[in-house]
Amino acid sequence: EAQVTQNPRYLITVTGKKLTVTCSQNMNHEYMSWYRQDPGLGLRQIYYSMNVEVTDKGDVPEGYKVSRKEKRNFPLILESPSPNQTSLYFCASSSTYSNQPQHFGDGTRLSIL
Amino acid sequence: AQSVAQPEDQVNVAEGNPLTVKCTYSVSGNPYLFWYVQYPNRGLQFLLKYITGDNLVKGSYGFEAEFNKSQTSFHLKKPSALVSDSALYFCAVRGGPNDYKLSFGAGTTVTVRA
């Protein structure tokens, strides 16, 4: 089954404690992206990757890091989480062609205390 | 900068009645437009897209959308709503073939009452 898998689905942690949210896709997609969803703001893009070792900033990259060492994986790293990063996070993937829709994971709800 | 506006936070309709969810966009170049639906505790699911060609686009679950270039709109429609259509709907835009940034609207919550 074609899918984008995120882990963990839920996480409660404290300010400053480094965390990583993993994302993996099994569709051989070149393009992967991270979004955060906040009430009234829709989804905002954090980072995206066009292919292995190629990443770029989205609209809200501050406080986040990403890496793309393998085609299927695109982890999101919060080096020093802060309460304003409490949000619902989605990973998505698609083929390189920009006319193709993105496939989304089921989301990761992060609470930073 | 590109942007999407969904002017209604909530839309309430009775089952069997027509459903419309509004979307307007701003982008330089020819837009690539998408509608997604989100059910509770799930990721976004693709409904339909407009890339080029016929202004009326048909998608999944009986949904359709009409692209109107002069009004920069891409409203989502369903002729006869079902209770199971109750969900959060997002409109999104890209600025054409060389634009990989996808900008989303704030979302519209649709409630269909039995």
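Quick note on labels: first sequence line is chain A, next is B, and so on, each numbered from 1. What's counted below: heavy atoms across the whole structure, side chains too, no hydrogens, waters or symmetry copies.
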> Do B/Lys101 and A/Asp59 come close enough that some side-chain heavy atom pair is under 4.5 Å?
Replying inline: yes
Path from [X] to [Y] over hydrophobic side-chain contacts below 4.5 Å:
| X | Y | answer |
| --- | --- | --- |
| B/Leu76 | B/Phe34 | no |
| A/Leu88 | A/Met32 | no |
| B/Phe67 | B/Tyr32 | no |
| B/Phe63 | B/Val21 | yes |
| B/Val57 | B/Val27 | yes |

> What pair of heavy atoms forms the shortest contact from A/Gly40 to B/Ala106, and how long is it?
Replying inline: O-CB, 3.4 Å
> Any idea which heavy atoms bring B/Phe90 and A/Leu43 closest together, and the distance?
Replying inline: CZ-CD1, 3.8 Å
> Can B/Phe46 and A/Gln100 be said to form a side chain to side chain contact (heavy atoms under 4.5 Å, CB included), step by step?
Replying inline: CA-CA 10 Å; B/Phe46 169 71; A/Gln100 295 302 307; over 6 Å; no
Nearest-0.5 Å distance that lies between atom [atom1] in [X] and atom [atom2] in [Y]:
| X | Y | atom1 | atom2 | answer |
| --- | --- | --- | --- | --- |
| A/Asn99 | B/Asp99 | CG | CG | 12.5 Å |
| A/Arg44 | B/Ser103 | CZ | OG | 12.0 Å |
| B/Arg42 | A/Phe90 | CZ | CZ | 10.0 Å |
| A/Asp106 | B/Leu44 | CG | CG | 10.5 Å |

> Do other residues, nucleotides or ligands put more than 12 heavy atoms under 6.0 Å from A/Leu113 CG?
Replying inline: yes
> Should we count CZ of A/Arg109 as having more than 12 external heavy atoms under 6.0 Å?
Replying inline: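 Not more than 12 within 6.0 Å, no.
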> Has B/Arg94 got its NZ or CZ under 6.0 Å from the middle of the six-membered ring of A/Tyr31, at an angle within 45 degrees of the ring axis?
Replying inline: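 Judged by the rule (NZ or CZ under 6.0 Å from the ring centre, within 45° of its axis), B/Arg94 counts as positioned above A/Tyr31.
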> Strictly under 6.0 Å, is that where the ring centroids of A/Phe104 and B/Tyr36 end up?
Replying inline: yes
> Given A/Tyr35 and B/Leu102, is the side chain to side chain contact (heavy atoms under 4.5 Å, CB included) satisfied, shown in steps?
Replying inline: CA-CA 10 Å; A/Tyr35 299 88; B/Leu102 189 61; 3.7 Å; yes
>> With a 4.5 angstrom heavy-atom cut-off, is it the side chain or the backbone of B/Ile51 that approaches chain A, or both, or neither?
In response: side chain
> Checking B/Asp9 against chain A: side chain, backbone, both or neither under 4.5 Å from a heavy atom?
Replying inline: neither
> Passes side chain to side chain contact (heavy atoms under 4.5 Å, CB included), B/Gln45 versus A/His103? Steps please.
Replying inline: CA-CA 7 Å; B/Gln45 296 177 28; A/His103 298 255; over 6 Å; no
Check each atom of [X] against the heavy atoms of chain B and say whether the ones under 4.5 Å are side chain, backbone, both or neither.
| X | value |
| --- | --- |
| A/Arg9 | side chain |
| A/Gln37 | side chain |
| A/Tyr10 | side chain |

> side-chain hydrogen bond (donor to acceptor under 3.5 Å, both in side chains): which pairs involve residues 47-70 of chain B, sequence neighbours left out?
Replying inline: B/Lys58-B/Glu64, B/Asn68-B/Ser70
